[in-house]
Amino acid sequence: MVGVLIGLRATLLRRSFTGAQVFHLGFGVLGGLAGAAGLFRFATRYDVAHGGDLLALALAGVLLGWLVGPAVVGGDPGIRPEHLTLLPMRRRELVLGLLGTALVGVGPLTTLVGLAALVAYGARLDPAAALLGVPGAVLLTVLLVVLARVVVAALGAVLGGRVSAALAALPWAVLTAAAAQCWVVFVALGGGTNPLDAGVPAGAARVLRLLPSGWPLVAVEAAGRGAWLPAVGALAGLAGLVVVAVLGWARLLDRPAVPPVTPLRRRPPPRRPARVGGAAFGAVVHKELRTWWRDLVRIHHTSFALTYGLVFVLMPLLVDLGDLLPLAGLVTATMLVACSAHLYSSDGTGLWLTLMVPGSERADVRGRQVAWLLNAAPTTVLFTLAGLVGAVRWWTVPWVTALLPVVLGGGAGLIVLVSVLVPVRMADPHRRGGNPGSDGGPVGGLVWLTLGLLAVVSAPTAALLWCGTRAGSATLLWSATPVGVASGVLLGWGLGRLAHRRLARRGPELLARLGQD
């Protein structure tokens with residue numbers, strides 16, 4: 001039965017190379033191979049001691065990515081336990097089958113390719129050490145996959161309300177922002193501004209090797225010194241940790257996959273219902289505003305974006321650098337855009353309600369844009385003002401006043417355009433189990449795609465700011481602000497127009513892709 005499930009997973013993966021899934025899988029392959037190239041660079045380019053420290057740092061980054069990625073941007077759950085409920089399978093077969101299906105995919109394959117850098121690093125020490133790198137790479141790959149499943153399943157066990165969904169995003173946002181600002185950690189520890197050349201501090205190198213991600217490296221280095229007892233012990237400890245992780249995952253699989261029950265409270269209707277524009281447009285705005293406050297997936301992503309923006313600008317304060325504080329609103333707005341490009345995907349097959357009313361596509365798209373702006377703009381403006389109050393130097397002010405309107409306006413257009421052009425398969429709201437990690441779907445590709453498109457639409461304004469900074473012209477620098485405002489308005493209107501025209505022409509095809517299971 002285990003082999004049957006693995007074959008089924010391979011068939012599903014092979015048949016998923018259609019439509020938007022090609023982009024997501026292709027992006028995953030390119031990203032994984034780029035990371036693998038970095039691991040091989042650390043293992044082969046630098047001297048042995050320096051390269052080993054950098055390899056330990058990179059392996060810790062791989063561990064962090066597997067822990068944070070599925071919990072934040074979702075992932076393809078593959079074959080779920082509830083799909084196999086009616087099959088006469090023993091508990092051990094179910095767990096091993098699900099483990100086998102979890103190991104079949106782009107992520108585990110590219111990770112294993114990257115961890116082959118342990119073999120290349122061991123070859124520089126001793127041929128026997130290179131051979132020991134093979135089981136180390138395999139065991140670490142299995143551990144990373146299982147830990148990712150444990151994190152997602154654990155989130156499902158503790159989440160069930162809006163507060164829990166918001167709080168669950170906090171640690172992942174902090175870890176991701178810390179990884180993006182890792183240079184601060186090295187400067188604070190005295191490692192220099194260029195850690196690749198200056199090296200990892202000795203204390204940090206020892207800590208990195210104590211992490212589970214560093215155990216295969218410890219085994220390879222011990223084998224290179226001829227110390228076989230520590231080498232075998234490190235691999236045995238890694239294998240034991242894999243067994244413990246699998247047992248913990250098996251216990252979490254016992255949790256029933258049912259959506260949380262929210263008690264309904266009767267409220268008297270208002271005497272004068274609020275009106276926002278036309279009837280259809282106003283209805284969409286009110287519906288979207290309520291959805292942003294009730295959908296656990298959207299709450300989870302919003303909490304992640306807000307926390308990421310704050311941590312990103314606050315971390316440099318560890319090295320007495322407060323120049324980034326005014327950028328708090330800009331960074332937060334950027335992450336809000338990237339985490340919101342799945343509006344129609346999160347609605348799932350509920351799109352048919354819009355398609356059943358001919359001519360409602362424009363109101364639907366515009367209502368979603370306005371509702372997103374009503375949620376994002378006040379918070380980002382407040383973060384910006386707070387950052388300006390705490391700023392030491394004011395060189396970032398023209399950058400903020402010019403780029404923030406572009407990000408908000410262009411983002412309001414991109415989230416709807418990307419959502420109708422590149423849909424992802426997500427569970428319908430009524431079929432979710434209260435776990436944003438698995439219910440959110442594979443939106444990682446959408447995040448990076450939206451960030452890239454946002455950089456493209458912001459490039460003209462950023463180029464004007466850069467020219468003004470290089471020329472030292474305050475007039476040229478501040479002229480970017482009206483350009484940014486005009487660009488934001490035009491982008492929001494133009495991209496939204498493309499989105500609702502696309503929805504009117506290809507709405508049934510979009511619904512069919514969202515309804516695939």
Side-chain angles (χ1 to χ4, degrees), residues 8-28 73-80 82-83 101 105-106 257 259 280 283-284 287-288 291 295-298 301 339-369 371-372 413-433 435-436 438-450 453 495-517:
L8 176 60
R9 173 58 179 158
T11 301
L12 292 175
L13 184 64
R14 184 175 64 253
R15 294 183 177 179
S16 65
F17 284 90
T18 58
Q21 295 299 323
V22 174
F23 166 77
H24 296 297
L25 293 175
F27 185 87
V73 299
D76 184 6
I79 300 175
R80 300 190 181 189
E82 53 266 30
H83 296 161
T101 60
V106 173
V284 174
K287 184 265 294 183
E288 280 294 300
T291 302
D295 191 319
L296 297 186
V297 173
R298 296 195 190 189
H301 290 166
C339 294
S340 303
H342 54 80
L343 292 182
Y344 286 100
S345 299
S346 63
D347 285 354
T349 55
L351 177 63
W352 75 272
L353 295 172
T354 300
L355 300 181
M356 290 298 290
V357 183
S360 63
E361 294 83 6
R362 181 178 182 278
D364 190 76
V365 168
R366 296 304 186 189
R368 290 173 184 266
Q369 289 183 281
W372 183 84
L414 282 175
I415 59 174
V416 290
L417 182 60
V418 172
S419 184
V420 298
L421 289 177
V422 192
V424 296
R425 188 174 56 192
M426 297 173 61
D428 282 355
H430 67 280
R431 298 178 59 186
R432 295 175 188 169
N435 183 1
S438 59
D439 297 334
V443 298
L446 280 185
V447 170
W448 289 106
L449 172 64
T450 308
L453 294 176
L495 296 178
R497 177 180 173 84
L498 293 176
H500 73 71
R501 295 185 66 177
R502 168 79 176 188
L503 183 60
R505 292 195 309 267
R506 304 298 296 275
E509 290 83 352
L510 176 61
L511 177 61
R513 293 167 67 178
L514 294 177
Q516 292 176 354
D517 196 357

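Note that this is a predicted model, so its numbers are computed, not measured.
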Can you tell me how far the CG atom of L421 sits from the CG atom of L414, to the nearest 0.5 Å? 10.0 Å
Rounded to the nearest 0.5 Å, the CD atom of E361 sits from the CZ atom of R505 at a distance of 11.0 Å
Side chains of V284 and R368: closer than 4.5 Å at any heavy-atom pair? yes
Of the non-hydrogen atoms in R298 and L343, which two are nearest, and what is the gap between them? NH2-O, 3.8 Å
Which atoms form the tightest heavy-atom contact between S340 and W372, and what is the distance? OG-NE1, 3.1 Å
Are L351 and L503 side-chain neighbours, meaning at least one heavy-atom pair lies under 4.5 Å? yes
Which distance, rounded to the nearest 0.5 Å, do you find between the CE of M356 and the CG of L511? 11.0 Å
Which heavy atom in A341 sits nearest to a heavy atom in L446, and how many Å separate them? O-CD1, 3.2 Å
To the nearest 0.5 Å, how far apart are NZ in K287 and CG in D347? 5.0 Å
So which atom in S419 and which in S345 form the shortest heavy-atom distance, rounded to 0.1 Å? OG-N, 4.0 Å
Search all heavy atoms of A371 against all heavy atoms of E288 and return the closest pair with its distance. CB-CB, 3.4 Å
Using every non-hydrogen atom in the two residues, find where T450 and V418 come nearest and quote the distance to one decimal. OG1-CG1, 4.1 Å
Should we count CZ of R362 as having more than 12 external heavy atoms under 6.0 Å? no
